[in-house]
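Read the structure below first, then the notes.
Side-chain atoms are counted along with the backbone in the values below, which use heavy atoms only and exclude waters and symmetry mates. We count residues from 1, following the sequence as given. Since this is a predicted model, take the numbers as computed values, not measurements.
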Amino acid sequence: MSSLQISASFCSSCSSSSIKKVNAAINVPKFSQVRFSLPKIAPTTTKLVQEVNRSIDTIIPLRIDVPTSTEISDDDYSKATIKLYTILEAVSDRVEMHNNMCEQRNNWNTLLLNSLNMITLTASTMVGLNTAIDNSALNLSSTVLFCAATGMLLIMNKIQPSQLAEEQRNATRLFKHLQTEIQTTLAIGNPNEEDVNSAMEKVLALDKAYPLPLLGAMLEKFPSKYEPAVWWPKTNTNEFQTQALRSEKKTNNGWTPELETEMWQILEVMKRKDMEDYDRLGNLALKVNKTLAKLGPLLTGIAALGSALGSHGSSWSGIVAAGAGSLAASTNALEHGGQVGMVFEMYRNCGGFFKLLQETIETTLEEKYCEKRENGDLFEMKVAMKLGRSVSQLRQLASKFAAYDSEGIGMDEFASKLF
């Protein structure tokens, strides 16, 4: 046994004359040493471990093989992500460009309309005064103003600023939608080259559908007939021969024969009600716009001719010029103030919306294998949201169409509740 000596000195108060020392001893027991012995490995076990190590070395190579074409490496993911971010930057820039062009062309419509109406009404007032006082200066000024109004009106009717502004509004909205799609793909993660190609095709299709320049690339403002706008890339799919159902029972992907029947019925309602209605309204707006675009310059031209003939002392020509100028101002206000071109473009965009939804439904149902389609429940919800309905309302619409004959004659309800 060993002992630990601890000495401590305590001082009493200053008044105490003696210092007492206290010695304390603490005895700590001494532990005995404990030895552990490990068993020796048998020679047979050592040989077994060595054989296992040699087998592992022969099975697992030191060199890492390059992944095959069916595998996707981290580098492929990183390259696809970088490419998608590059496309996203270009899409964001296009959103800003189309938004700025929309404001500019909307200002064109307002400024040109106000200027044309001021010029036309001023010239009409001068012609009216000229018939009373027979002043050659008034007559010459009114003739020049009517000629200038005719030239400006021809240019304005050709480019249709209100329609141009509506095109840029639609382009801004669609590019923002594409921007959100790309951001969602990046947020989910693991993008591949197919996502990059799809985004690139959508950007190029939008650029073609809504061009920025006017000269050489402007869309035809007065086509021969109404055609829906197309802003998505074309898909290479086979045409439908029959509408045979391919789902015999509910699959893991959510598709059933009832759901396929429902989609076909919704598609028929869109074709027979919504798309036909917008086709009729689009052709009507096109005819009205063509008539007003021809009538405005014709009236200002008649007014310019009447004003020129009024210099020879003919009062009737001055009256005709004043009347034609007033009618021209009213026609311009109706065409450009009412933005008939913008209404026509709105109908084109709505028709394109239904055409895109039609192609989406047809392409999905054309897929032979239900497992390769988008999830049935999710697809049904997307179609319902695009038409401004709930899933239950979408099913009610399909059952209502089934209650009528095969042509849906007599059905008064449209598929879309949005527009």
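- Using a 4.5 Å heavy-atom cutoff, the side chains of Leu394 and Val383 are in contact.
- Separation of the Tyr278 and Tyr226 ring centroids does not fall under the 6.0 Å cut-off.
- Looking only at side-chain heavy atoms (C-beta outward), Ile119 and Phe146 stay at 4.5 Å or farther from each other.
- Judged purely by atom type and a 3.5 angstrom limit, Asn99 has no side-chain atom pairing as donor or acceptor with the backbone of Val95.
- Just one residue in the list Glu181, Arg173, Gln179 forms a side chain to side chain donor-acceptor pair (under 3.5 Å) with His177, and that residue is Glu181.
- Relative ring orientation between Phe379 and Trp255 is described as tilted, the plane-to-plane angle lying within the 30° to 60° band.
- Using a 4.0 Å cut-off between charged side-chain N and carboxylate O, Lys400 and Asp412 make a salt bridge.
- For the pair Glu367/Thr363, no side-chain contact is recorded, criterion being any heavy-atom separation below 4.5 Å from C-beta on.
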Exercise for review: Apply side-chain contact (heavy atoms from CB on, under 4.5 Å) to the pair Phe401 and Leu397, showing each step before the final yes or no.
Suggested key: CA-CA 6 Å; Phe401 176 81; Leu397 178 65; 5.9 Å; no
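- Distance check: Met156 CE to Leu111 CG gives 9.5 Å after rounding to the nearest 0.5 Å.
- The closest side-chain heavy-atom distance from Ile82 to Tyr85 is not below 4.5 Å.
- In this structure, the separation between CG on Leu298 and OG1 on Thr291 is 12.0 Å, given to the nearest 0.5 Å.
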Check your understanding: So Leu113 and Trp108, side-chain contact (heavy atoms from CB on, under 4.5 Å) or not? Walk me through it.
Key -> CA-CA 8 Å; Leu113 176 61; Trp108 282 2; over 6 Å; no
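- One distance of note links CZ of Arg272 with CD of Glu268; it measures 4.5 Å at 0.5 Å rounding.
- Looking at heavy atoms from C-beta onward, Glu262 lies in side-chain contact with Glu380 at the 4.5 angstrom threshold.
- When every heavy atom of Leu84 is checked against every heavy atom of Ala199, the shortest pair comes out as CD2-CB, 4.1 Å.
- Of all the heavy atoms in Ser124 and Ala322, the pair that sits closest is OG-O, 3.8 Å.
- A donor-acceptor pair is defined here as one N or O able to donate and one able to accept, closer than 3.5 Å; no such pair exists between the side chain of Ser141 and the backbone of Leu138.
- Surrounding NZ of Lys386 are at most 12 heavy atoms belonging to other residues, nucleotides or ligands under 6.0 Å away.
- At least one donor-acceptor pair closer than 3.5 Å links the side chain of Lys221 to the backbone N or O of Leu219.
- Of the candidates Glu335, His336, Glu345, Gln160 forms a side chain to side chain donor-acceptor pair (under 3.5 Å) with just one, namely Glu335.
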Practice item. Assess whether salt bridge (Lys or Arg N to Asp or Glu O under 4.0 Å) is satisfied between Arg105 and Glu167, documenting all intermediate values. Key: CA-CA 10 Å; Arg105 290 168 182 180; Glu167 290 174 5; 5.3 Å; no
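- The cationic group of Lys290 does not satisfy the cation-pi geometry with Phe222, failing either the under 6.0 Å distance to the six-membered ring centre or the 45° limit from the ring axis.
- Checking side-chain atoms of Ser162 against main-chain N and O of Gln339 turns up no donor-acceptor pair under 3.5 Å.
- Here Lys79 does not pair with Glu193 in a salt bridge; the nearest charged N to carboxylate O distance is not below 4.0 Å.
- Taking the six-membered ring where the residue is Trp, the centroids of Phe354 and Phe419 are separated by under 6.0 Å.
- Formation of a donor-acceptor pair under 3.5 Å by the Asn253 side chain with backbone atoms of Arg373 is found in this model.
- The backbone N or O of Asn192 lies less than 3.5 Å from a partner atom in the side chain of Asp195, making a donor-acceptor pair.
- No side-chain heavy atom of Asp279 sits less than 4.5 Å from a side-chain heavy atom of Met275.
- Rounded to the nearest 0.5 Å, atoms OG1 (Thr364) and NZ (Lys382) are 9.0 Å apart.
- Looking at heavy atoms from C-beta onward, Pro223 lies in side-chain contact with Leu286 at the 4.5 angstrom threshold.
- Looking only at distances, no side-chain donor or acceptor of Asp277 sits under 3.5 Å from a matching main-chain atom of Lys273.
- Ser142 places a side-chain N or O within 3.5 Å of a backbone atom of Asn139 that can act as its donor or acceptor partner.
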**Study point:** Leu387 and Ile266: CA distance, side-chain angles, deciding distance, side-chain contact (heavy atoms from CB on, under 4.5 Å) verdict
**Key:** CA-CA 10 Å; Leu387 296 177; Ile266 295 299; 3.9 Å; yes
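- Surrounding CD of Glu220 are more than 12 heavy atoms belonging to other residues, nucleotides or ligands, all under 6.0 Å away.
- One N or O on the side chain of Thr360 and one on the backbone of Leu356 form a donor-acceptor pair closer than 3.5 Å.
- At a threshold of 4.5 Å between non-hydrogen side-chain atoms, the residues Cys370 and Glu260 count as touching.
- Classification of Glu89 and Arg94 as a salt-bridged pair fails, no side-chain N sitting under 4.0 Å from a carboxylate O.
- Here the straight-line distance linking atom CG of Asn157 with atom CG of Asn332 works out to 7.0 Å at 0.5 Å rounding.
- Between the side chain of Asp274 and the main chain of Phe414, no donor-acceptor pair closer than 3.5 Å is present.
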Practice item. Evaluate the salt bridge (Lys or Arg N to Asp or Glu O under 4.0 Å) criterion for residues Lys83 and Glu194: first the C-alpha distance (whole Å), next the side-chain angles of each, then the deciding distance (0.1 Å), finally the verdict. Key: CA-CA 11 Å; Lys83 290 179 180 179; Glu194 184 179 354; over 6 Å; no
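- When only modelled atom types and interatomic distance are considered, Glu201 and Trp232 share no side-chain donor-acceptor pair under 3.5 Å.
- Across every non-hydrogen atom of Ala149 and Thr120, the tightest pair is CB-OG1, 3.9 Å.
- For CE of Met152, the number of neighbouring non-hydrogen atoms (other residues, nucleotides, ligands) closer than 6.0 Å is greater than 12.
- Considering CG of Leu174 and NE2 of His98, their distance stands at 9.5 Å, rounded to 0.5 Å.
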